[in-house]
Protein chains: 2
Amino acid sequence: MERIVSAALDIIDRDGLDALSMRTLAAELDTGTATLYRYVNSKEEVLVEALDAVLGEIQLPETYSQASDWRSQVAAGATALRDGLRSHPNITPLLAGSVPIGPNALKGREANLDLLINAGFAPPTAVRLHLAIVHYVIGFVLAESPESAVYGTQYKRTLKRYYQRLPADTYPSITALADQLTTRDNDQEFAFGLDLILDGIERHAGVKPARGRKTR
Amino acid sequence: MERIVSAALDIIDRDGLDALSMRTLAAELDTGTATLYRYVNSKEEVLVEALDAVLGEIQLPETYSQASDWRSQVAAGATALRDGLRSHPNITPLLAGSVPIGPNALKGREANLDLLINAGFAPPTAVRLHLAIVHYVIGFVLAESPESAVYGTQYKRTLKRYYQRLPADTYPSITALADQLTTRDNDQEFAFGLDLILDGIERHAGVKPARGRKTR
DNA sequence: ACCTGAACACCGTTCAAGT
DNA sequence: ACCTGAACACCGTTCAAGT
């Protein structure tokens, strides 16, 4: 049950996504593989529930229900999502190619939509703003997470050197900017991109909505 | 060699990422699995090269070297990246958890950086703008791609109905906006989010740079 | 009735044996 | 010298056999 999901997350955190198999999971729980199938339909289901468990650990900012401007609330929500995913970096590749719809994913989505609607955006606009922000955050988190099984770790370690050693005539900008492209301050860069979107929202909407209008 | 990569991409496009194994790949090429290892070091290498081949198919907008405003050039580049990835949707999960650094990935990155620098942005700023845009595009493409192996197809098919049937008291916004959250016009929505970022860039920089300043 | 060892049909990769 | 069938050590999942 949730003991299974919790053990699966332990293995993923400790040894990586590839280290999780029904056999290693059974061993972690001191049982046999076949026994797992009495509580769980498939490995896929375990992965989906593990991802939703991670989303459930995210601390939704308390300011959501308080009187503060929507911009800092949206920023806090996006930051909380990134931080939550970063605390289990090995599971983030599961975000690829699908939209989480577990209960905790829905809770976060609902809170974010409520916030935007409460800020005064028309509901269809709120949906688009919500999705644009989520796409940015997920794209960012995937890029900063440790490599999936597809790439070896050594690539990222020596990425800067790799960029620097490229032919400068073919790649003048990349070689010149190897430093900025690799040894970046992720927190600052995340905030930079998020601010671009938030600036765009302000400009797009021309909205400076009422502070903390109550939802209902 | 590149016949192997091409065959791998055929299998991925036709039958999905999971359908590619060294055995199916060998069968596609009418040979044995062991033979593949004379040309390739690992399956991982095949996947990396297949992804880079997809990136190589992307038509970089010709306007890059012409005299047009930077905003439409950036938009064209982002759209080209999305379109290229959408033409091989089954391979997009490989974008998770790593940064492509194959020759074609580098070519696109270089072109995008050159464009931004040429538009008048300071190089370190250009890097951040480039990365913010790329993260948004990748986040978007992953969300609109068919599910990876982790999720079943039936989820997305009935996602709208799933949203609608959620308890409306717990999820008022999601249930009310089930339509907008699912039956969206992806092209329009992609442009919407991209425009947010571009608006943010204009506002952030206060830059309306010279048109088509030559790179060198 | 509940549990699970062992099996099935797969993997990626290697290597001894064939030509 | 080059190629590859067969094997190795794994997978996810199932089911007959055990308790």
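Bear in mind the structure is a predicted one, so any value in this text is a computation, not a measurement.
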**OP:** Identify the 5'-most and 3'-most nucleotides of DNA chain D with at least one atom closer than 4.0 Å to a non-hydrogen atom of chain B.
**Re:** D:dC3 to D:dA7

Original post:
What residues form a side chain to side chain contact (heavy atoms under 4.5 Å, CB included) with B:A19, not counting sequence neighbours?
Top reply: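 Testing B:A19 for side chain to side chain contact (heavy atoms under 4.5 Å, CB included), a comparison that skips the adjacent residues, returns B:I11, B:D15.
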
Original post:
Residues in side chain to side chain contact (heavy atoms under 4.5 Å, CB included) with A:V5, at least two apart?
Top reply: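 By the side chain to side chain contact (heavy atoms under 4.5 Å, CB included) rule, A:V5 matches A:E49, A:A50, A:A53.
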
**OP:** Among residues two or more places apart or on two chains, list those pairs meeting salt bridge (Lys or Arg N to Asp or Glu O under 4.0 Å) that have a residue in residues 23-37 of chain B.
**Re:** B:R14-B:E28

Tell me which donor-acceptor pairs under 3.5 Å the side chains of residues 124-131 of chain B have, and how far apart each pair is, sequence neighbours excluded?
from: B:H130; atom 1: ND1; to: B:N112; atom 2: OD1; distance (Å): 2.7
from: B:H130; atom 1: NE2; to: B:R109; atom 2: NH1; distance (Å): 3.2

Subject >> Dot-bracket encoding per residue of DNA chain C, Watson-Crick/G-U cut-off under 3.5 Å, | denoting interstrand >> reply: ||.|||||...|||||.||

**OP:** Residues of residues 34-41 of chain A with any non-hydrogen atom less than 4.0 angstrom from an atom of DNA chain C: list those, numerically ordered, please.
**Re:** A:A34, A:T35, A:R38

Partners meeting side-chain hydrogen bond (donor to acceptor under 3.5 Å, both in side chains) with [X] (sequence neighbours left out):
{"X": "B:T31", "answer": "B:T35"}
{"X": "B:E57", "answer": "B:H88"}
{"X": "B:N104", "answer": "B:D52, B:K107"}
{"X": "B:R165", "answer": "none"}

Original post:
If we only count heavy atoms from C-beta on, is the A:E144 to A:R82 side-chain gap below 4.5 Å?
Top reply: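 A:E144 reaches A:R82 side chain to side chain.
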
Subject >> Results of ring pair (Phe, Tyr, Trp, His ring centres under 6.0 Å) for B:F192 - residues two or more places apart only >> reply: A:H204

